[in-house]
Number of protein chains: 2
Amino acid sequence: MSAHSHTLEHAKEQVKLTPKREAVLNALLMTEKACSAYELIDFCKAKLDLSFSAMSIYRILDFLKEQQLVHKLEVANKYVACAHISCDHQHGAPQFLICESCDKVKEIHIEQSINDALKDNIAKAGYTLKSPQLELTGLCENCSE
Amino acid sequence: MSAHSHTLEHAKEQVKLTPKREAVLNALLMTEKACSAYELIDFCKAKLDLSFSAMSIYRILDFLKEQQLVHKLEVANKYVACAHISCDHQHGAPQFLICESCDKVKEIHIEQSINDALKDNIAKAGYTLKSPQLELTGLCENCSE
DNA sequence: ACAAAAAATGTTACCTCGTAACACTTATGC
DNA sequence: GCATAAGTGTTACGAGGTAACATTTTTTGT
Ligand SMILES: [Zn+2]
Ligand SMILES: [Zn+2]
Ligand SMILES: [Zn+2]
Ligand SMILES: [Zn+2]
């Protein structure tokens, strides 16, 4: 059983998924990249032979997002599967590194001390942060060689 | 002379601006908020009695961005005037706090130590950061009361 | 001062993204 | 089974963005 299909099983234990919702999550696990809604439609058609209306994709992605199974990258306007579906650790503020060359996304955890320092810095500027989702664009290991 | 018209004069010393380009920068300085391209068109029509084609606005914003006179907020897809037009300090990675309630934007500078720690953290994950433009959404002083 | 060249702006036509409103289909509880 | 809710599809539309080409304005060489 491949890693991502194992993850899929794990997700289904937590949340009841309709076939279409499962397919969309599956697609995101398969690509391991950030995908736009329309890219997902194309992918599901090509690789899974499943048609989705645009409306449905957005509704399904919203649902999966509520369930913390996927995240939306606001900067790129794309979606990724959560990297922590299989582990049961509580999901804090998600933080992402996005490869601007190949779109590969790594969900990371910044050290708490850095997070605190950042929050402090921001408080000094008079702002209060709600959910500090960090999205940083750079180059992944492969693409930076 | 108001603060923002002084800034405008400062900008014109650095870069030669056509009347339209000047007007767009002026509009951004006047609003002090993040504006979408189409919001700028409306604003210039209403307040400055100047018409812009969509195409022109985008070209002008691109130009002003190259000149570091405005920044684009990727998360919100909006534009803001650079907060450092009048001061001659070298422009590093811009970092923004965006009020999700009133759209007010504060351009800040995160302490170097935090920046370095962040970079370090990211390097450990195998990524190399190019220009770490940070965009954080929260509430400004007024809106958090 | 004038024509040629370059830079800036406008027009048209088109594409993608995203959603509202409504219709339809499938699952669920009794 | 039947009523109800949940999920999905259809249509139509508005906003954002751009390519290709036309026009206007500015600059430059003589
Ligand atoms: Zn996650
Ligand atoms: Zn890469
Ligand atoms: Zn700036
Ligand atoms: Zn505010």
Side-chain angles (χ1 to χ4, degrees), chain A residues 8 11-12 14-28 31 33-46 48-67 69-80 98 100 103 135, chain B residues 8 11-12 14-28 31 33-46 48-67 69-80 98 100 103 105 135 137:
Chain A
L8 202 51
K12 285 160 77 177
Q14 299 168 46
V15 185
K16 190 149 179 303
L17 292 177
T18 66
K20 294 231 153 184
R21 284 170 177 174
E22 182 180 337
V24 171
L25 178 55
N26 193 15
L28 278 174
T31 69
K33 293 203 302 183
C35 294
S36 73
Y38 283 84
E39 282 167 0
L40 275 171
I41 291 177
D42 294 344
F43 185 94
C44 288
K45 186 70 203 164
L48 304 176
D49 197 32
L50 276 175
S51 294
F52 288 87
S53 65
M55 199 64 254
S56 286
I57 276 283
Y58 284 105
R59 283 190 289 226
I60 288 170
L61 288 170
D62 280 347
F63 173 84
L64 295 173
K65 211 170 49 167
E66 279 167 21
Q67 305 299 321
L69 294 172
V70 313
H71 300 291
K72 180 178 186 187
L73 303 179
E74 300 292 340
V75 169
N77 246 317
K78 295 186 174 184
Y79 298 83
V80 284
I98 307 159
E100 66 188 1
D103 268 353
E135 301 176 19
Chain B
L8 203 50
K12 285 160 75 178
Q14 299 169 47
V15 185
K16 191 148 178 301
L17 293 177
T18 66
K20 293 231 154 180
R21 285 170 176 174
E22 181 179 337
V24 171
L25 178 56
N26 192 16
L28 279 174
T31 69
K33 294 203 302 183
C35 294
S36 73
Y38 283 83
E39 282 168 358
L40 276 172
I41 291 176
D42 294 344
F43 184 94
C44 288
K45 186 70 203 163
L48 305 174
D49 197 32
L50 276 175
S51 294
F52 288 86
S53 65
M55 199 64 254
S56 285
I57 275 284
Y58 284 106
R59 284 190 288 226
I60 288 170
L61 287 169
D62 281 347
F63 172 85
L64 294 173
K65 211 169 50 167
E66 278 167 21
Q67 304 300 321
L69 295 173
V70 313
H71 300 291
K72 180 178 186 187
L73 303 180
E74 300 293 338
V75 169
N77 244 318
K78 294 185 175 187
Y79 299 82
V80 284
I98 307 160
E100 66 188 1
D103 269 354
V105 172
E135 301 177 19
T137 299

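A note on names: the letters A, B, ... follow the listed sequences, proteins ahead of strands, and every chain is numbered from 1.
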### Spacing of B:Ile57 atom CD1 relative to C:dT11 atom P, expressed in whole Å
14 Å
### Summary
A:Leu50 atom CG is separated from D:dG9 atom C1', nearest whole Å, by 14 Å
### Query
Does a sphere of radius 6.0 Å around NZ in A:Lys20 hold more than 12 heavy atoms from other residues, nucleotides or ligands, not counting ones at 6.0 Å or beyond?
yes
### Query
To the nearest Å, how far apart are A:Phe52 CZ and D:dG7 P?
14 Å
### Query
Closest heavy-atom contact between B:Leu64 and B:Leu25?
CD1-N, 4.1 Å
### Query
Under 4.0 Å between a side-chain N or O of B:Lys20 and OP1 or OP2 of D:dT25?
no
### Query
Do B:Arg21 and B:Thr18 pass the side chain to side chain contact (heavy atoms under 4.5 Å, CB included) test, and can you show the C-alpha distance, the side-chain angles, and the key distance before you say yes or no?
CA-CA 5 Å; B:Arg21 285 170 176 174; B:Thr18 66; 3.3 Å; yes
### Query
If you take all heavy atoms of A:Glu135 and A:Glu74, which pair is closest and at what distance?
OE2-N, 2.9 Å
### Task
Taking atom types as modelled, find out whether B:Lys45 and B:Ser51 have a side-chain donor-acceptor pair closer than 3.5 angstrom.
yes
### Message
Measuring to OP1 and OP2 of C:dT9, would you say a side-chain N or O of B:Thr18 lies under 4.0 angstrom away?
### Response
yes
## Note on the structure
To the nearest angstrom, the CG-P distance between B:Leu61 and C:dA8 comes to 15 Å
### Message
Nearest whole Å is fine: how far is D:dT8 P from A:Leu17 CG?
### Response
10 Å
### Message
Without decimals, in angstroms, what is the distance between A:Ile41 CD1 and C:dT19 C1'?
### Response
13 Å
When you compare the protein's N or O atoms with those of nucleotides 25-29 of chain C, which come within less than 3.5 Å of each other, and at what distance?
residue, atom, partner, partner atom, Å
C:dT28, OP1, A:Lys16, NZ, 2.8

### Task
Determine whether B:Lys65 and B:His71 make a side-chain contact, defined as any pair of heavy atoms from C-beta on separated by less than 4.5 Å.
no
### Task
Keeping the roles fixed (side chain from A:Glu39, backbone from A:Ser36), state whether a donor-acceptor pair exists under 3.5 Å.
yes
### Query
Atom CG of B:Leu48 and atom CG of B:Asn26: how far apart are they, to the nearest 0.5 Å?
6.0 Å
Check nucleotides 10-19 of chain D for protein N or O atoms closer than 3.5 Å to its own N or O atoms and list the pairs.
residue, atom, partner, partner atom, Å
D:dG17, OP1, B:Asn77, OD1, 2.8
D:dG17, OP2, B:Tyr58, OH, 2.6
D:dG17, O5', B:Tyr58, OH, 3.2
D:dG17, N7, B:Tyr38, OH, 2.9

### Query
For A:Lys45 and D:dG9, what is the distance between atoms NZ and P respectively, to the nearest whole Å?
11 Å
### B:Ala34 versus B:Val80, closest heavy-atom pair with distance
CA-CG1, 3.5 Å
